[in-house]
S.K.: 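Have a look at the structure that comes next, please.
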Amino acid sequence: MSDAVSDTVADEGTSRPKPALRGTPTRPNALPYVSFNQLRSFHAVAVAGSITAAASLLHVSQPTVTIQLRQLEAHYGVELVRRTPRGIRLSELGESLFTITKQLFALEGEAVELLNSAGCTLRGELRVGGVAPYFVMRLLSAFNKAHPSVTMTLLLDNSATIIRKLVDQEIDVGIVGQTALDSRLHALPYSRQDVVLFCRDDHPWAGRQGVELAELADEALVLREIGSTSRLMLERALQEHGIVPRVTLEVCREGVREAVVAGFGLGITTDVEYVPDRRTRMLRILDADVFTEAFAVCLRDRRAVSVTRAFMTTAEEFFERSRQ
């Protein structure tokens, strides 16, 4: 049988009752019926943005997607997508239905994961985001030892980016240093670390243990990019002391040390992330309590997903051992 035919047989089998026609009342206490395959085709089109891309996503032919989409619209007498010269766009009703199908197929994914993890071995894929290797690698190692059959991928970026990707469901869990966490997230506190400065080994302050914030008023600073929690906390402390920083360069975490060595000014990091280097010297902040905190985070409404739940459980156990 061609995959371009109606899904009346392929959907739930030949023995299911036919759907009620539009406007025909269903029997009392009967479950509502809608073709899951038709909904899946609609959802794929909404996600992929075209019939061709949707067919590729579903591994079916383009006519299959087209027929199922038209059947869904015809059955309910509605318009879900609009075909324009620039491609397919969702109608207002289509946008509303897409909101529902996103939840529906997310739950389907959870059901599949639940069934896959019903045995003794947890399987699947876990997409992790982290702010720095220091905070992430030891936890990932503990998780890998507990669940060796789970495949992991790791994205390293600043806290703001990791949280955004988590909310957009581009990753599943994260280790972040954000102090004002998104209310949509479930968070487990991990650790606290001091924000510190560091200078080149020939800087006049190279022999000192630390500096006071007022001394930074005329000093050139190399700051992390916007979205970095360590930068945010230092800027707050400087603002509270009425100090406007003289920033000579903004650069990602990996570039701060080389920028300091190149002579751009003092760098910023945390005491646990500072890597001893003969070319630099660490300076603590003596007159202010400037610190960041690390959290393990996931979406609240995704906590029940098996691999996410297992990661957060591992994180909680790991953090407790670290505190002890």
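Scope of the values below: all heavy atoms of this structure, side chains included, with no hydrogens, waters or symmetry mates.
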S.K.: Show the nearest heavy-atom pair for residues A220 and T248, with the distance to one decimal.
M.R.: CB-CG2, 3.4 Å
S.K.: Please round to the nearest 0.5 Å and tell me the distance separating atom SG of C199 and atom CZ of R208.
M.R.: 9.5 Å
S.K.: Answer whether the closest heavy-atom distance between the side chains of T314 and H147 falls below 4.5 Å.
M.R.: yes
S.K.: When you look at E219 and H203, which way does the side chain to side chain donor-acceptor pair (under 3.5 Å) test go after all the steps?
M.R.: CA-CA 11 Å; E219 281 293 318; H203 191 281; 3.3 Å; yes
S.K.: What verdict does the side-chain contact (heavy atoms from CB on, under 4.5 Å) test give for D277 and V275, after you've listed the backbone C-alpha separation in whole Å, the side-chain angles of each residue and the deciding distance to 0.1 Å?
M.R.: CA-CA 6 Å; D277 187 317; V275 178; 5.7 Å; no
S.K.: Set out, in order, the CA-CA distance, both residues' side-chain angles and the distance that settles side-chain contact (heavy atoms from CB on, under 4.5 Å) for E225 and R253, then state yes or no.
M.R.: CA-CA 8 Å; E225 74 285 359; R253 175 188 292 104; 5.6 Å; no
S.K.: Could you tell me whether the side chain of V131 reaches within less than 4.5 Å of the side chain of N158, counting heavy atoms only?
M.R.: no
S.K.: Examine F105 together with F36 and report whether their ring centres are nearer than 6.0 Å.
M.R.: yes
S.K.: Look up atom CG in L213 and atom NE2 in H241, then write down how far apart they are to the nearest 0.5 Å.
M.R.: 5.0 Å
S.K.: Show your working on side chain to side chain donor-acceptor pair (under 3.5 Å) between S41 and Q68 and close with a plain yes or no.
M.R.: CA-CA 7 Å; S41 288; Q68 291 181 349; 2.5 Å; yes
S.K.: What are the two closest heavy atoms between I88 and I51, and how far apart are they?
M.R.: CD1-CG1, 3.6 Å
S.K.: Using side-chain heavy atoms (C-beta onward) and a distance below 4.5 Å, is L234 in contact with L197?
M.R.: yes
S.K.: Main chain of T280, side chain of R200: is a donor-acceptor contact present, judged purely on distance under 3.5 Å?
M.R.: no
S.K.: Is R86 reaching over with its side chain to a backbone N or O of R83, donor-acceptor style, under 3.5 angstrom?
M.R.: no
S.K.: So if you build clusters from Ile, Leu, Val, Met, Phe, Trp, Tyr with side-chain heavy-atom gaps below 4.5 Å, do V305 and L107 land together?
M.R.: no
S.K.: Would a 4.5 Å heavy-atom cut-off, applied to side chains only, mark L80 and F98 as touching?
M.R.: no
S.K.: Would you sort out whether T292 and T229 count as a side chain to side chain donor-acceptor pair (under 3.5 Å), showing the intermediate values?
M.R.: CA-CA 7 Å; T292 67; T229 306; over 6 Å; no
S.K.: Looking only at heavy atoms, which two atoms of Y190 and F318 are closest? And how far apart?
M.R.: OH-CE2, 3.5 Å
S.K.: Rounded to the nearest 0.5 Å, how far does CZ of R164 lie from OG of S159?
M.R.: 13.0 Å
S.K.: Is there a side-chain contact between E258 and R279, using heavy atoms and a 4.5 Å cut-off?
M.R.: yes
S.K.: Mark yes or no for whether S91, through its side chain, and G94, through its backbone, hold a donor-acceptor pair below 3.5 Å.
M.R.: yes
S.K.: Do T52 and S50 meet the criterion of a side-chain donor-acceptor pair at a distance under 3.5 Å?
M.R.: no
S.K.: Measuring from I175:CD1 to M137:CE, what's the distance to the nearest 0.5 Å?
M.R.: 11.5 Å
S.K.: Any donor and acceptor pair, going by atom type alone, linking the side chain of Q103 with main-chain N or O of T99 inside 3.5 Å?
M.R.: yes
S.K.: Can you find a pair of side-chain heavy atoms, one from R40 and one from E108, that are under 4.5 Å apart?
M.R.: yes
S.K.: Please determine whether side-chain contact (heavy atoms from CB on, under 4.5 Å) holds for the pair E317 and E320, giving the CA-CA distance in whole Å, both sets of side-chain angles, and the decisive distance to 0.1 Å.
M.R.: CA-CA 5 Å; E317 296 170 351; E320 184 60 32; 5.8 Å; no
S.K.: Between I162 and G130, what is the shortest heavy-atom contact and its length?
M.R.: CD1-N, 3.7 Å
S.K.: Atom CG of L69 and atom CG of L39: how far apart are they, to the nearest 0.5 Å?
M.R.: 10.5 Å
S.K.: Minimum heavy-atom separation for P189 to F319, with atom names?
M.R.: O-CD1, 3.3 Å
S.K.: Between L90 and L93, is there a shared hydrophobic cluster once you connect ILVMFWY residues whose side-chain heavy atoms come closer than 4.5 Å?
M.R.: yes
S.K.: Would you check if the side chain of R224 reaches a backbone N or O of R231 as a donor-acceptor pair within less than 3.5 Å?
M.R.: no
S.K.: Donor-acceptor check, side chain of D168 to backbone of E170, threshold 3.5 angstrom: yes or no?
M.R.: no
S.K.: I want to check something: taking the side chain as every heavy atom from C-beta on, are T161 and K165 in contact at a cut-off of under 4.5 Å?
M.R.: yes
S.K.: Would you compute the distance between atom CG of L97 and atom CD of E95 and round it to the nearest 0.5 angstrom?
M.R.: 10.0 Å
S.K.: Suppose clustering is done on Ile, Leu, Val, Met, Phe, Trp and Tyr with side-chain heavy atoms closer than 4.5 Å. Which residues sit in the same group as V196?
M.R.: F198, V222, L249, V251, V256, V260, F264, Y274, M282
S.K.: More than 12 heavy atoms of other residues, nucleotides or ligands under 6.0 Å from CG of D218: is that the case?
M.R.: no
S.K.: Do the side chains of L221 and I268 get nearer than 4.5 Å, heavy atoms only?
M.R.: no
S.K.: Are any side-chain N or O atoms of R300 and backbone N or O atoms of R184, one a donor and one an acceptor, separated by less than 3.5 Å?
M.R.: no
S.K.: Quick check: is L72 connected to V78 through a chain of hydrophobic side chains (ILVMFWY, heavy atoms under 4.5 Å apart)?
M.R.: yes
S.K.: Looking only at heavy atoms, which two atoms of E215 and W205 are closest? And how far apart?
M.R.: O-CH2, 3.6 Å
S.K.: Between R127 and D172, is there a side-chain N and carboxylate O pair less than 4.0 Å apart?
M.R.: yes
S.K.: Taking NZ, NE, NH1 and NH2 as the nitrogens, is one of them in E92 or R82 under 4.0 Å from a carboxylate oxygen of the other?
M.R.: no
S.K.: Checking R302 side chain against V173 main chain: does a donor-acceptor pair fall under 3.5 Å?
M.R.: no
S.K.: Applying a strict under-4.5 Å side-chain criterion to I, L, V, M, F, W and Y, I'd like to know whether V261 and L266 cluster together.
M.R.: no
S.K.: Report yes or no: do I100 and V81 belong to one cluster of Ile/Leu/Val/Met/Phe/Trp/Tyr joined by side chain heavy-atom distances under 4.5 Å?
M.R.: no
S.K.: I would like to know whether Q209 and L286 meet side-chain contact (heavy atoms from CB on, under 4.5 Å); could you show each step before the answer?
M.R.: CA-CA 9 Å; Q209 296 298 312; L286 302 176; 5.5 Å; no
S.K.: Donor-acceptor pair, D194 side chain versus D271 backbone, under 3.5 Å?
M.R.: no
